[in-house]
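Numbering of ligands and ligand atoms starts at 1, following listing order.
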Amino acid sequence: MLELQNVNITFYKNTVNERRALQNVSLRLEQGDFATVIGSNGAGKSTLMNAISGFYDIDSGRILLDGEDISYQKEYKRARKIGRLFQDPLKGTAPNMTIEENLGLAYTRGARRGITSGIKKRDHGFFVEKLKTLDLGLEDRLKTPVKLLSGGQRQALTLLMATIVTPRLLLLDEHTAALDPKTAGKVLAITEEIVSKNHITTMMITHNIQDALTYGNKTIVMSGGRIVLELSGQERKTMTMERLLELYSSTANDTFSDKMIL
Ligand SMILES: Nc1ncnc2c1ncn2[C@@H]1O[C@H](COP(=O)(O)OP(=O)(O)OP(=O)(O)O)[C@@H](O)[C@H]1O
Ligand SMILES: [Mg+2]
């Protein structure tokens, strides 16, 4: 489904500030895999997602999606197949447009039907049904400008927009990190539901080790631009936080921050 072969990205090449942000990164996700990604600050997690989405060009290696070589495909082309969410709830939605208009945009964009004027009646009912699944009461606020929503509501809406036309791949970069713990939990539960119901192949960066082991079916651990550990199956099921920290310190040359452990 998704395959990375020896992907490298170096910033500020041949200068004193040279930074090997991705070093020979290889990984493989099967259709429907939900991989969580953890690692300390600067480990290369966001760079990995930026390489896959086409926001950063890779220096060498190959990226395949559904068998298609997308290594050097333009970002906007990949965006038709790849949904993305970031930490900042303000990033994924148009603030002055209503909930309905935002969903309309995501729907037409995803469906590649070109920009149509107005929202069709049929779409209206579809959006109401989709919003109901979030269980946040947003289905009664279709005409509300998105800027009036809370961070959690916006992030849930962004998630809906990114998946309203099922993407081939969903990339989540700490999409709950800016939310309070209760709201973060709710958005994570919604994420899990949408992903599993639609069998969306997903990568989710998190700073929370417990979440990384709880959600999804694989865990990728990064350090210094490399994947230092991959957990799946029985090994992952029986993995404890203590054991993971032990394994991490034996392979990585930095340590997890307290934030990740708490
Ligand atoms: N556009 C850029 N220009 C220069 N250096 C960059 C750029 N983007 C990332 N880097 C560097 O690449 C390394 C990896 O950064 P990255 O953002 O991928 O880390 P991360 O694992 O997402 O960390 P965090 O947990 O803090 O989000 C860091 O050393 C960072 O400073
Ligand atoms: Mg990051």
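Distance alone, capped at 3.5 Å, is enough to place a donor-acceptor pair between the Gln31 side chain and the His199 backbone.
Near Tyr56, meaning under 4.0 Å from any of its heavy atoms, are these atoms of ligand 1: 1 (N), 2 (C), 7 (C), 8 (N). If you number the atoms of ligand 1 from 1 as listed, the ones under 4.0 Å from a heavy atom of Tyr12 come out as 3 (N), 4 (C), 5 (N). Less than 4.0 angstrom separates some heavy atom of Ala43 from each of these atoms of ligand 1: 19 (O), 20 (P), 21 (O). Within ligand 1, counting atoms from 1 as listed, the ones closer than 4.0 Å to a heavy atom of His207 are 25 (O). In the vicinity of Asn41, heavy-atom distances shorter than 4.0 Å reach the ligand 1 atoms 23 (O), 24 (P), 25 (O), 26 (O). Within the listing of ligand 1, atoms 28 (C), 29 (O) sit less than 4.0 angstrom from a heavy atom of Arg19.
Looking at Ser53 and Arg84, their side chains do bring a donor and an acceptor atom within 3.5 Å of each other.
Residue Gly39 places no heavy atom under 4.0 Å from ligand 1. In this structure, Met222 does not count as a contact residue of ligand 1, since none of its heavy atoms falls inside 4.0 Å of the ligand.
Here the OG1-NZ distance, from Thr93 to Lys147, works out to 12.0 Å after rounding to the nearest 0.5 Å.
The backbone and the side chain of Lys45 each have at least one atom closer than 4.0 Å to an atom of ligand 1 (non-hydrogen atoms only).
Atom OH of Tyr72 is surrounded by more than 12 heavy atoms from other residues, nucleotides or ligands within 6.0 Å.
Among all non-hydrogen protein atoms, the one lying nearest atom 15 (O) of ligand 1 is Thr47 OG1, 3.6 Å.
In this pair, Tyr56 and Phe11 present their aromatic rings perpendicular. The plane angle is above 60°, beyond the 30 to 60° band.
The Mg ion (ligand 2) lies at 2.8 Å or more from every N, O or S atom belonging to Asn41.
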